[in-house]
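Scroll down for the structure; my scribbles are underneath it.
Here the structure is a predicted model, which is why all the values come from computation and not from measurement. Excluded from the calculations below are hydrogen atoms, water molecules and symmetry mates; all remaining heavy atoms, backbone and side chain alike, are included. Residue numbering restarts at 1 for every chain, and letters A, B, ... go by the order of the sequence lines.
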Number of protein chains: 2
Amino acid sequence: MTVETRRRQIEDVASALFHENGYAATSIRDIARALDLQGASLYSHVSGKEDVLSAIVDRAAGRFEASLAEAEARADVDGSSAADRLAAIVRAHARLVAAEPELASVFVTEWRHLTGERRAAILARRDAYEARVRAVIADGMAAGQLAMTDVAVAAAFVLSAVNGIATWYSPAGRLSPDDLAERYADLTLRALTEDHR
Amino acid sequence: MTVETRRRQIEDVASALFHENGYAATSIRDIARALDLQGASLYSHVSGKEDVLSAIVDRAAGRFEASLAEAEARADVDGSSAADRLAAIVRAHARLVAAEPELASVFVTEWRHLTGERRAAILARRDAYEARVRAVIADGMAAGQLAMTDVAVAAAFVLSAVNGIATWYSPAGRLSPDDLAERYADLTLRALTEDHR
DNA sequence: CCTACCGATCGGTAGG
DNA sequence: CCTACCGATCGGTAGG
């Protein structure tokens, strides 16, 4: 039983089209057609094309931030090590990308079509997110749990890998988002751990 | 002393613009303006917008294929192990992406705006490239040099990581393409090796 | 390589 | 949510 507002329907259809063809190659009329509407009718619900993109990107950012905060909070309660925290963060991130590849890919690749303050705001949020990942990696190195390497390079390596899931993963494949996330967390820990086990 | 044909100048300017704003958001007139030409004048040198994209993507594919072949040939002569081959391949790929992020990002992300046979052809070349990477990983596992994991997942993880370099790397930064490539090869081997050292 | 121009499509508005 | 419509811009052609 999905009670979706028209506004939300528009965003979902737009996410799928932006994921498939990109923001610039998707017209307002493409979005309208997918909802059996006239192009002009969309403007009863949204104030412009960039407004739709902005709403999707904002919601995606919120989802990733919540997922990160939850993973960290859980690790705090457990009193986990920095390495465990990193695994939990990567697992949560990978799971979200696999579960919602359309939302994730708009967040990861289409934000650049935002302009002005909206673009600046989303960039700041991305930076903050990535900084938290770097901080956990740095903690792990300081605690001797992770191999000493360049923190920025290690974070970029891992974040590119998990974000890339959006470009190839299909929920119809043989791996569930949970399975995939587990494997990605494992590969990440191996990559950054001094010695295994 | 760079003797660049006009055709090549067009492709280089287009690569930069496609990298920056994407293919769909870049107009023929944008490309022309960057060369101090009128939009219509471009058609003396190219037969259409997609023709430009196709030429860039083809050249990029050729570069990646040559880089892969060279890395494999060198490993053959050395009689290297599968793990060494994988490291050489990742190193070569990462170096190329870092050295030419504009070319690489058009190859990695903008190919989807190709249509018909050109799209099918580039997809086939990408598939072949990725299959060779998977084969080397599988060899390494069979030889006991790499940890037994899902080959497709491991390859996707690694390829996403190295391709991601195009989205953030700046040649003006503190790491040279060679330095970065070395670190990426190292992270990859760690991720896929059973036990270190 | 330019000027002049084409039909199609774009994002968006007016008014109901 | 629709019809009718707007100015701007798109990829591309004709003809020189």
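- Atom NZ of B:Lys49 and atom C1' of D:dC10 are 8 Å apart (whole Å).
- Which of D:dC1, C:dC2, D:dC5 sits closest to the side chain of A:Ser41 comes down to D:dC1.
- Look at OH on A:Tyr43: it is 13 Å from P on C:dA14, rounded to the nearest Å.
- Applying the 4.0 Å criterion to OP1 and OP2 of C:dC10, one finds that A:Ser27 has a side-chain N or O inside that range.
- Remark: A:Arg33 engages A:Asp30 in a salt bridge, criterion side-chain N to carboxylate O under 4.0 Å.
- Residue A:His113 contributes atom NE2, which lies 12 Å from atom P of C:dG11 at whole-angstrom precision.
- B:Gly39 comes within 4.0 angstrom of nothing in the nucleic acid, heavy atoms only.
- Pairing for D:dG15 is with C:dC2, a Watson-Crick or G-U wobble pair whose two hydrogen-bonding atom distances lie under 3.5 Å.
- The side chain of A:Gln38 approaches D:dT3 more closely than any other nucleotide in the set C:dT3, D:dT3, D:dC10.
- Using modelled atom types, one finds no donor on one side chain facing an acceptor on the other under 3.5 Å when comparing B:Asp51 with B:Ser54.
- Using a 4.0 Å cut-off between a side-chain N of Lys or Arg and a carboxylate O of Asp or Glu, A:Asp179 and A:Arg183 do not qualify as a salt bridge.
- Along DNA chain D, the nucleotide nearest to B:Ala40 and the one nearest to A:Ser44 differ in position, and the one closer to the 5' end is contacted by A:Ser44.
- One interatomic measurement links the two molecules: CG of B:Leu53 to C1' of D:dG11, which rounds to 14 Å at whole-angstrom precision.
- We find that CD1 of A:Ile10 is positioned 13 Å from P of C:dG12, with the value rounded to whole Å.
- The phosphate of C:dG12 has neither OP1 nor OP2 within less than 4.0 Å of any side-chain N or O from A:Arg29.
- Salt bridge A:Asp186/A:Arg91: absent, no basic N to carboxylate O contact under 4.0 Å.
- Regarding B:Arg6, its CZ atom lies at a distance of 9 Å from the P atom of C:dC2, rounded to whole Å.
- More than 12 heavy atoms of other shown residues, nucleotides or ligands fall within 6.0 angstrom of atom CD in A:Glu65.
- Nearest to the side-chain atoms of A:His45 among the listed nucleotides D:dC1, C:dC5, C:dG12 stands D:dC1.
- In this structure, CG of A:Leu42 is placed 10 Å from P of C:dG11, rounded to the nearest angstrom.
- Heavy atoms of A:Ser47 sit nowhere under 4.0 angstrom from any nucleic acid atom.
- Between the CG atom of A:Asp30 and the C1' atom of C:dA8 there is a distance of 14 Å, given to the nearest Å.
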